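Here's the structure, in structure tokens; my notes come after.
Throughout, protein chains are lettered first and strands after them, A, B, ... in sequence-line order, and every chain is numbered starting at 1. All figures in this text were calculated on a predicted structure; none of them were measured in a lab.
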Protein chains: 2
Amino acid sequence: MATVRDVARRAGVSIATVSRVLNGSGYFDEATARKVRKAVEELGYRPNIHWRRLSRQASQTVCFLLGNRDAMNSMQMKVLMSCERALNEAGFDLVFASFRYSAGVPGSRLDLPRLLVHQGAVDGVILAGVHYSNLLEALSRLKLPYVVMGNTFVGTRDELKTDSITYDDVAGAYEATQCLLRLGHRRIAFVGDVSLPWFRRRHGGYSLAMSRAGLEAFGVTASWEIRNIDYGQLAAAELLRDGPPPTAIFAGNDEIAAGVWKELVKRRIEIPRQMSLMGFGDREEFSLLEPPLASVSVFQERLGAELAQMLLAKLGRPGLRIPARTLPCKVLERGSVGPPPAAR
Amino acid sequence: MATVRDVARRAGVSIATVSRVLNGSGYFDEATARKVRKAVEELGYRPNIHWRRLSRQASQTVCFLLGNRDAMNSMQMKVLMSCERALNEAGFDLVFASFRYSAGVPGSRLDLPRLLVHQGAVDGVILAGVHYSNLLEALSRLKLPYVVMGNTFVGTRDELKTDSITYDDVAGAYEATQCLLRLGHRRIAFVGDVSLPWFRRRHGGYSLAMSRAGLEAFGVTASWEIRNIDYGQLAAAELLRDGPPPTAIFAGNDEIAAGVWKELVKRRIEIPRQMSLMGFGDREEFSLLEPPLASVSVFQERLGAELAQMLLAKLGRPGLRIPARTLPCKVLERGSVGPPPAAR
DNA sequence: GCTGCCTCTGTAAATGTTTACACAACAGGC
DNA sequence: GCCTGTTGTGTAAACATTTACAGAGGCAGC
């Protein structure tokens, strides 16, 4: 395999000149550059990336670390894709890694991916689906800059004040509720386990809109520890069993909404004629329901690009902490919402 | 930052001994090993991964290359996840890269990700969602071993005879059709553009089952160049407009099935009472339809793990070509299929 | 007691790039 | 003529690891 030395010899220049031409750094004559490029071409020279990373003292690589080895949702996938694109434009590569808390118990001892404990392997880390802060401490000990997608650490009242990008759960949920109110709904139920911070925030936005309208907030917010989709289904069953049913259901996320949907279809309750349904997150796969599920878009592609940019801004500036950012959401008023039965 | 040299000095041994202990290679005394490990601990030594890769002449890294920069489906995502897991167990890291044919035109000039044209950057490549063979030639020129997910090269009658893993489209489609026949269906329509090799193979399995049962194969197989979901919807409309309608529809994949579903719901045709519906691929997101969509599982996790293993088997054996593998499928007979109306 | 094998350790070589620094040539200003 | 700054090029150092090879010591078998 050809090396800079070979190229230098063939072009009749020194290795330093070759390096300068190839990297476009420092001074060099255009005629010399042509000779060098010709030699590169003829020898089929390809620079060895490890030497480059070593010499430059930077790997030009970022790790996308997924905190859940078993499943990745379509939002995380979209963020991954857009991170990769943004990083690529900046000349960085992305290594994908996932991990699991060793014992499967939240907060238990964690083994970081081997890669990260090696010196110089990556310049920084983008975290997604990570809900326990001991990982952040581990990364800090390794002096690895990181940014966090979402603001979703459980077991603490505090939210991450820096180095994270979230969407505005509260405002998004407020807007979504407003949308349902505008359509004429008065009995709007919320469904989602409020012991989880993101559902708590969304419930907050919902409650605010309801109380401002002089209406009572209600719904299913218990902690059941089951899959989101099952949660939605059970919650819908409960709402339809006890007391007067709502005319609209606002689900904490699209998966829960799909569960609610399932139960409504089973009971032959027509959407949106008899019941309106609103989700949160605008996960692509749920838009194909018929009629399409209304939801709150969190601009997943933008989220990924901004995460990448925030991390890049931190590189080479040890200790720099960037204030947490919150991106706006947008309500997508699709077919699954409409006026309540009474208003027709 | 501590280096092997520091560790060696502190432990009172040579650097060769440190390296041997840390890598568990060659002979060393357990007492010496303890001294070394103690020194590592005290100094907080972390090996520099670039030197390691350089010295070992191997990057221990594999590139997962997605041929479609704009979208990734949940199957590719699952394969990515399981590749990562399998590679990790083997001590390899995974770098994720995506690309797009430059002009957006299939078969046009392609720019490979920068990473791949660097010497030694990755040891091999796993390809997913790549449908044009000029990429394979480019990788061969770079002497990079690769394996391909799916067997989906368009514009050629030949299939990839080596270095690929596919699921058995023909057998899977045959079984799925058999399943519908067993339920009593006689008019079963196929929906999917047979100019695409995977739909052609599935159509082949379907046709075989039909002809063996002495029945006529029919359906919508034209080339419309629209999104799968729209294809399904239009095809369903066409099937219901012309001639006697089928009692079951076998869609070329789950996305098309979802399109068909949409149209059926719109026309208030009940599934499966009036019409049975079968998909292909078992994409997770579609199982939440109510009733759940019957489909053909292609064992996505296994696919990823086998891809990783096939690639690992090729490493260090330049020129080795491994015969293409075909994994079996399994029909998941879920709620969207049932006996035809007449049989009730 | 010699031979050969096994065990353990150290020496030294090899690996390809970037970059600090030196230096040369030349132009322009005084 | 001398100084200064700009431009282009070469020399040499620095980087941390693995590994081939040498060699020392112990021990078993003859």
Task: Side-chain donor/acceptor of Thr17(A) to backbone N/O of Val13(A), under 3.5 Å - done: no
TODO: Could you tell me whether the side chain of Arg52(A) and the main chain of Asn48(A) form a donor-acceptor pair under 3.5 Å?
DONE: no
I need the [atom1]-[atom2] distance between [X] and [N], as an integer number of Å.
{"X": "Leu22(A)", "N": "dG16(C)", "atom1": "CG", "atom2": "P", "result": "16 Å"}
{"X": "Asp6(A)", "N": "dT17(C)", "atom1": "CG", "atom2": "C1'", "result": "13 Å"}
{"X": "Ile49(B)", "N": "dT18(D)", "atom1": "CD1", "atom2": "P", "result": "11 Å"}
{"X": "Leu43(B)", "N": "dA16(D)", "atom1": "CG", "atom2": "C1'", "result": "15 Å"}
{"X": "Arg46(B)", "N": "dT17(D)", "atom1": "CZ", "atom2": "P", "result": "12 Å"}
{"X": "Gln60(B)", "N": "dT18(D)", "atom1": "CD", "atom2": "P", "result": "11 Å"}
{"X": "Phe28(B)", "N": "dT9(C)", "atom1": "CZ", "atom2": "C1'", "result": "13 Å"}
{"X": "His50(A)", "N": "dT18(D)", "atom1": "NE2", "atom2": "P", "result": "14 Å"}

Does a side-chain N or O of [X] approach OP1 or OP2 of [N] to a distance below 4.0 Å, or not?
{"X": "Ser19(A)", "N": "dT18(C)", "result": "yes"}
{"X": "Arg52(B)", "N": "dT18(D)", "result": "yes"}
{"X": "Arg5(A)", "N": "dG16(C)", "result": "no"}
{"X": "Asn23(B)", "N": "dT18(D)", "result": "yes"}
{"X": "Tyr45(B)", "N": "dT17(D)", "result": "yes"}

Task: Distance in Å, Lys38(A) NZ paired with Glu41(A) CD, rounded so as to fall on 0.5 Å steps - done: 10.5 Å
TODO: Just call it for Tyr27(A): base, sugar-phosphate, or nothing, with non-hydrogen atoms closer than 4.0 Å on any strand.
DONE: base
Open item on the list: At 4.0 Å (heavy atoms only), tell me whether Ser25(B) reaches a base, stays on the sugar-phosphate, or touches nothing.
Closed with: nothing
- [ ] Using the salt bridge (Lys or Arg N to Asp or Glu O under 4.0 Å) rule, take Glu30(A) and Arg37(A) through it: C-alpha gap first, then chi angles, then the decisive distance, then the call.
- [x] CA-CA 10 Å; Glu30(A) 189 45 40; Arg37(A) 282 191 274 263; 2.8 Å; yes
- [ ] Please work out which of the three classes, parallel, tilted or perpendicular, describes the rings of Trp51(A) and Trp51(B), given edges at 30° and 60°.
- [x] perpendicular
Can you name the atoms? Protein N/O to nucleotides 10-15 of chain C N/O, anything below 3.5 Å, with the distance.
from: dG10(C); atom 1: OP2; to: Ser14(B); atom 2: N; distance (Å): 2.8
from: dG10(C); atom 1: OP2; to: Ser14(B); atom 2: OG; distance (Å): 3.2
from: dG10(C); atom 1: OP2; to: Thr17(B); atom 2: OG1; distance (Å): 2.9
from: dG10(C); atom 1: N7; to: Arg20(B); atom 2: NH2; distance (Å): 3.0
from: dG10(C); atom 1: O6; to: Arg20(B); atom 2: NH1; distance (Å): 3.1

- [ ] Decide whether a cation-pi geometry holds between Lys314(A) and Tyr146(A); the criteria are a distance under 6.0 Å from NZ or CZ to the six-membered ring centre and an angle within 45° of the ring axis.
- [x] yes
Task: Residues Arg85(A) and Glu301(A) bridged, charged N to O under 4.0 Å - done: no
